[in-house]
Every structure is written in C-alpha cells, then in structure tokens.
Protein chains: 2
Amino acid sequence: MENKKIRIYVVEDYMLTRITYRHTLPKNNPNLEIIKDFETAEACINAMQQESADVILMDLGLPGINGIEGTHKIRQMNKDVKIIILTSHDSDDEVLASLTAGANAYALKDITPENLAAVIESVNKGAFWLDPRIARIALNLFQRLKSLHVDDMYGEKFNLTARENEVLQMIVDGKSNTEIAKQMIISHNTVKAHVGNILEKLAVTDRVQAAVKSIKMTLIRN
Amino acid sequence: MENKKIRIYVVEDYMLTRITYRHTLPKNNPNLEIIKDFETAEACINAMQQESADVILMDLGLPGINGIEGTHKIRQMNKDVKIIILTSHDSDDEVLASLTAGANAYALKDITPENLAAVIESVNKGAFWLDPRIARIALNLFQRLKSLHVDDMYGEKFNLTARENEVLQMIVDGKSNTEIAKQMIISHNTVKAHVGNILEKLAVTDRVQAAVKSIKMTLIRN
DNA sequence: CAGAAAATATGCCAACTGGGTAATATCATT
DNA sequence: AATGATATTACCCAGTTGGCATATTTTCTG
C-alpha cells in the first residue's frame with residue numbers, strides 16, 4: 001500500500017460541494033487528504049506559490065479567473081502538479097481548452113466518489129484520464145489529427161538548417177520574402193535562396209505547400 | 001455491482017503472456033472474462049466479424065498486421081468496441097499512431113494486474129486512459145495544438161460559400177489559381193475573384209495565411 | 001589546415017498573385 | 001417584379017514568387 005497521503009487542493013465556488021468532497025473522499029480512500037480548498041482560482045494560485053499540492057480538483061465555472069485560465073496559470077507555475085477538471089460542463093470547447101491548458105484529467109461532477117477516488121490515485125501516479133462522456137471528444141480530435149498525417153514523411157527529417165527553419169517559420173506566419181528579409185536583416189535575394197532550398201528539401205513547389213506541410217509535420221512529430 | 005461480465009479479446013503473440021492474462025485478470029475482478037485470445041491481429045479481425053467483444057487488449061509488436069494497423073481496421077469495422085493497447089513500446093510515434101488509429105487506452109505491460117483490471121473496467125464504461133509514462137506524450141500534443149489555436153476566431157464562422165470552400169480547399173492543397181481554374185472548369189479570372197473573397201472573409205492578406213488559418217481552424221473546431 | 005556545408009548576395013525572366021473596377025448571369029426570396 | 005447573394009468573366013497594374021546560374025564569405029568539421 002501507499003505510505004504517503006495524496007495531498008489535494010479543491011477549487012470550487014460552492015461551499016456545499018467543497019464540504020461534500022472533504023467528507024466523501026477520505027472515506028473512500030484514507031490516502032486522500034484535502035489539505036486546502038478555495039473559492040476562486042486566484043486563491044489557489046496564491047497558495048501554490050507557498051506550497052504545492054499533489055492533485056488539484058478544479059471546477060470550471062468560477063468567479064473571476066475561470067477554471068481553464070486557472071489551470072493554465074497553475075500549469076505555467078508548476079508542471080508537476082496534477083490537475084483534474086471536475087465540472088458539469090461537457091462542451092467540446094471547454095474540454096479541448098482544458099486539455100490544452102494542461103489538465104491531466106477531466107471528470108464530470110456526477111462521478112461516484114469511489115470512481116473519483118480511483119481517478120485521483122491514478123492521475124496522481126501520472127495517468128491521463130477522461131470521463132466516458134467526454135472521451136469521444138478527444139478521440140474525435142485524434143481522428144482529425146490523423147487526417148493531417150503525412151505518411152510519406154514518416155521518420156524523415158528535412159535537414160533544414162537553422163536559418164532555413166527561421167525562414168520557414170516566417171513563411172508559415174504569412175510573411176513575404178521582403179518582410180522576412182527586413183526582419184532577418186539580410187537581403188531579399190538571400191531570402192529567396194533560403195526559400196528555394198526549403199522548397200527543395202521539403203519536396204514541394206511553392207510556399208503554400210511548404211507552410212501546410214510543415215504545420216502538418218510539427219503537429220504530429222517533434 | 002455489475003451484473004454483466006465484461007467480454008475480453010486478447011491479441012498477443014506470446015502464448016505465455018496470454019496464459020498470464022487468462023489467469024490473473026478474472027482473479028482480480030470476476031467480472032472480467034477473456035472469451036478468446038489470438039496470436040495475430042488478422043485472427044482477431046476475423047473473429048470480430050462473427051462476434052464482437054467489449055474490450056480488446058492489443059499488443060503492438062505482432063507478426064503480420066501490427067497492433068496499430070489492427071486497431072485501425074477493427075475501429076473501422078466497429079466503433080463501439082474498446083481497444084486497449086497493452087505493450088512495452090513507449091515511443092512517441094507509436095503512442096500517437098495508436099491514438100489516431102482509434103485506441104481507447106494505452107497501457108504498458110508492467111502494469112499491475114489490479115490496475116489493469118481497473119483500467120479495463122473504466123475503459124469499458126467509455127473512459128479514455130493513458131499510462132503515466134506516456135501521458136506526457138498526449139499532453140505535449142495538446143500543448144502543440146494550443147499553439148495552433150486561433151483565439152480571435154472563437155465561435156466565428158466565415159460564411160464561405162460552397163464555391164469558395166472548394167477553392168480554399170485547393171489552396172490548402174497547394175494548387176495555383178490556374179490549376180484551380182482547370183480543375184473547376186472555370187476561368188482563371190473567376191478563381192481570382194473567389195480567392196479575393198476568401199482572403200477578405202478570412203481577414204488575411206495572402207493565400208499562405210488563408211491556408212494556415214483554415215488548417216488551424218478545422219483542427220480545433222468543427 | 002583543407003574541404004564541406006552554410007549563409008550571404010546578385011541578376012534575369014517568366015509566371016503567379018492580389019488589388020481595383022466593372023459587367024453579366026443565375027437563383028432564391030421577398 | 002425587385003432585391004440581394006452568388007457565380008461568372010474580363011482587363012490592367014504593381015509587386016511577388018520561383019527557377020536558374022553564379023559567386024563570395026563564414027562557419028563547421030575532420
């Protein structure tokens with residue numbers, strides 16, 4: 001068995017809900033210890049600057065900084081704390097925003113206390129968990145990612161030089177050769193040379209395809 | 001308690017491992033029943049055409065069709081069955097490929113039988129679960145997605161007409177106006193008119209930005 | 001140090017692009 | 001019948017792009 005208790009923060013604007021968690025969670029698993037709870041994300045962020053928790057249960061509908069922004073801010077401060085979104089919201093936007101903000105799990109509030117306790121334990125070990133009712137959103141996302149996948153690139157590097165990478169990035173940003181030249185403080189001709197090399201290395205014929213291809217690639221692989 | 005047993009297929013080329021699962025899983029949770037196991041993905045796919053399981057434990061390193069392709073094929077046949085990747089591989093590529101192939105969970109083989117039983121139950125209910133050691137890969141992916149997020153678009157539609165959408169798609173495919181004209185059997189001038197309208201509606205100044213923006217958008221939202 | 005790779009730069013040219021303006025045709029809605 | 005949205009085509013123009021050939025300087029690497 002575990003010897004260390006899992007230290008939990010709760011961010012939730014309803015007092016009643018906070019009390020419920022304090023009551024039910026340790027009952028389901030004595031290793032779970034709610035050490036602090038907060039009405040607002042701001043309060044939690046402040047507390048985190050003193051002392052971190054292992055796991056944070058985060059509501060989304062909060063006064064002031066909402067749960068998504070709060071998650072983002074906390075994740076920026078601390079990349080180890082595990083953040084579980086615990087909410088009744090289940091819209092695609094909120095789920096995706098939460099995940100991109102750095103949440104480790106997304107649970108709906110009608111989850112049973114036993115399940116929540118299990119999820120907390122699992123997430124505390126580092127797992128990533130999504131409620132059944134919102135898992136499809138992530139799966140859809142992965143499906144859409146797949147359509148962007150460039151098969152013939154698998155395992156390839158393009159061997160772009162540092163300079164070429166800079167230029168490519170600016171192409172993706174929609175800059176013209178002249179703008180790129182100005183920003184890199186080199187001549188317009190040099191930019192053209194770089195662009196030509198990029199097109200050749202990416203095996204495309206124009207900058208649009210270069211931009212599209214590089215977006216697709218950087219999305220899927222490092 | 002549950003009244004129905006969870007019916008499980010196992011796809012794994014090592015007999016010893018299959019035997020281990022048959023032994024340990026029901027011991028940890030009597031609701032788990034391994035009804036069939038297979039040495040190859042092909043065998044499992046064939047069996048699925050007769051009768052589906054609730055959950056499939058899928059190895060990745062299989063002879064013939066590998067686990068990723070197998071997952072993809074099974075997912076195409078049946079969108080309800082829950083597929084848990086159970087492997088010792090932990091490379092980014094394999095994790096992402098598995099998820100985009102339609103896996104519902106990704107576990108590493110040294111998972112304890114108790115945890116595996118818990119994951120199977122959770123996933124059977126529809127949850128999405130990733131092993132702690134590979135969760136970071138998904139989180140990284142979400143982070144990268146975030147950088148593609150276009151905030152000022154939230155909730156906006158661009159009101160592109162059907163024709164403009166066709167053109168935009170071809171822009172993203174890297175086609176020139178002339179190629180687009182040829183493919184749509186309209187004049188080069190008409191394409192220019194459409195492109196002009198697209199640029200205005202997307203509030204961008206050139207086709208590269210139009211392509212990039214539309215990729216970013218379709219990725220994040222529907 | 002020698003050779004290779006990368007970054008820098010120039011010139012020319014044909015093709016492509018985007019802005020502006022204008023006109024006609026079609027279709028659904030009012 | 002009139003209106004508005006969409007689709008279509010044409011023309012001009014300035015600016016951009018990509019291909020090609022070439023060349024110098026810098027940086028890296030063995």
Side-chain angles (χ1 to χ4, degrees), chain A residues 148 150 152-153 155-218 221-222, chain B residues 148 150 152-153 155-218 221-222:
Chain A
L148 281 184
V150 185
D152 55 343
M153 288 307 139
E156 274 189 45
K157 292 279 175 233
F158 294 110
N159 287 317
L160 294 189
T161 66
R163 216 59 171 153
E164 285 161 0
N165 254 315
E166 285 182 65
V167 173
L168 177 56
Q169 182 58 58
M170 288 194 255
I171 289 176
V172 173
D173 290 341
K175 303 234 192 303
S176 73
N177 288 347
T178 317
E179 290 173 306
I180 296 174
K182 201 168 293 176
Q183 197 168 327
M184 292 177 74
I185 321 182
I186 54 180
S187 108
H188 153 262
N189 301 294
T190 308
V191 177
K192 289 189 59 174
H194 286 315
V195 172
N197 293 332
I198 291 170
L199 298 186
E200 197 183 355
K201 288 186 182 176
L202 297 201
V204 296
T205 57
D206 63 73
R207 53 174 58 229
V208 179
Q209 292 174 59
V212 170
K213 193 161 197 169
S214 82
I215 287 187
K216 290 179 177 179
M217 295 299 297
T218 57
R221 30 189 34 262
N222 293 315
Chain B
L148 282 184
V150 185
D152 54 344
M153 289 305 138
E156 274 187 44
K157 292 277 174 240
F158 294 112
N159 287 317
L160 293 189
T161 67
R163 216 61 172 151
E164 286 161 359
N165 254 314
E166 287 181 64
V167 173
L168 177 55
Q169 182 58 57
M170 288 193 257
I171 289 176
V172 173
D173 290 341
K175 303 237 191 301
S176 73
N177 288 348
T178 316
E179 290 173 307
I180 296 174
K182 202 168 294 177
Q183 197 168 329
M184 291 178 75
I185 321 182
I186 54 180
S187 109
H188 154 262
N189 301 294
T190 309
V191 177
K192 287 189 59 173
H194 286 314
V195 172
N197 292 333
I198 291 170
L199 296 186
E200 196 183 357
K201 288 186 182 177
L202 297 201
V204 295
T205 56
D206 63 73
R207 52 174 58 229
V208 178
Q209 291 174 61
V212 170
K213 194 161 195 167
S214 83
I215 287 186
K216 289 178 178 179
M217 295 299 295
T218 57
R221 23 188 44 257
N222 291 314

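All heavy atoms count here, side chains included; hydrogens, waters and symmetry mates do not. Each chain gets a letter, A, B and so on, in the order its sequence line appears, and its residues count up from 1. Everything numeric in this text was worked out from a predicted model, so none of it was measured.
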* **B:Val172 vs B:Ser214 side-chain heavy atoms within contact, under 4.5 Å** => yes

* Asked: Separation of A:Glu179 atom CD from C:dT17 atom P, in whole Å?
  -> 18 Å

* Could you please spell out the steps behind the side-chain hydrogen bond (donor to acceptor under 3.5 Å, both in side chains) verdict for A:Gln209 and A:Asp206? => CA-CA 6 Å; A:Gln209 292 174 59; A:Asp206 63 73; 2.8 Å; yes

* So which nucleotide from D:dG19, D:dT16, C:dC16 ends up closest to the side chain of A:Leu199? ->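 The answer is D:dG19, which lies nearest to the side chain.
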
* Tell me, yes or no, whether the heavy-atom count around B:Glu179 atom CD, taken from other residues, nucleotides or ligands under 6.0 Å, exceeds 12. =>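 Yes.
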
* B:Asn177 side chain near C:dT17 phosphate (N/O to OP1/OP2, under 4.0 Å) -> yes

* Can you check the A:Met170 CE to D:dT17 P distance for me, whole Å? ->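 Rounded to the whole Å, the gap is 13 Å.
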
* To do: Identify the two heavy atoms, one from B:Leu199 and one from B:Ala210, that lie closest to each other, and give their separation to 0.1 Å.
  =>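 Reported closest heavy-atom pair: CD2-CB, 4.0 Å.
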
* Asked: D:dG15 C1' sits how many Å from A:Lys175 NZ, rounded?
  -> 18 Å

* **Sub-4.5 Å side-chain heavy-atom contact between B:Leu168 and B:Lys213** => no

* Side-chain heavy atoms of B:Gln183 within contact of B:Glu166, under 4.5 Å ->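 In short, these two side chains do not touch, never coming nearer than 4.5 Å.
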
* Asked: To the nearest angstrom, how far is B:Lys182 atom NZ from C:dA15 atom P?
  ->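 B:Lys182 atom NZ is separated from C:dA15 atom P by 13 Å.
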
Between the protein and nucleotides 6-13 of chain C, list every N/O to N/O distance that falls short of 3.5 Å.
{"residue": "C:dA7", "atom": "OP1", "partner": "A:Thr161", "partner atom": "OG1", "Å": "3.4"}
{"residue": "C:dA7", "atom": "OP1", "partner": "A:Arg163", "partner atom": "N", "Å": "3.3"}
{"residue": "C:dA7", "atom": "OP2", "partner": "A:Thr161", "partner atom": "OG1", "Å": "2.3"}
{"residue": "C:dT8", "atom": "OP1", "partner": "A:Arg163", "partner atom": "NE", "Å": "3.1"}
{"residue": "C:dT8", "atom": "OP1", "partner": "A:Arg163", "partner atom": "NH2", "Å": "2.9"}
{"residue": "C:dT8", "atom": "OP2", "partner": "A:Arg163", "partner atom": "NE", "Å": "2.9"}
{"residue": "C:dT8", "atom": "OP2", "partner": "A:His194", "partner atom": "NE2", "Å": "3.0"}
{"residue": "C:dA9", "atom": "OP2", "partner": "A:Ser187", "partner atom": "N", "Å": "2.6"}
{"residue": "C:dA9", "atom": "OP2", "partner": "A:Thr190", "partner atom": "OG1", "Å": "3.0"}
{"residue": "C:dA9", "atom": "O5'", "partner": "A:Thr190", "partner atom": "OG1", "Å": "3.4"}
{"residue": "C:dT10", "atom": "OP2", "partner": "A:Ser187", "partner atom": "OG", "Å": "3.4"}
{"residue": "C:dT10", "atom": "OP2", "partner": "A:Asn189", "partner atom": "ND2", "Å": "3.1"}

* Structure fact -> Atom CD of B:Gln209 and atom C1' of C:dG18 are separated, to the nearest Å, by 13 Å

* Take atom CZ of B:Arg207 and atom P of C:dA15, then tell me their distance rounded to the nearest Å. => 17 Å

* Asked: From the list D:dT17, C:dG18, D:dG19, which nucleotide is the closest neighbour of the side chain of B:Val195?
  -> C:dG18

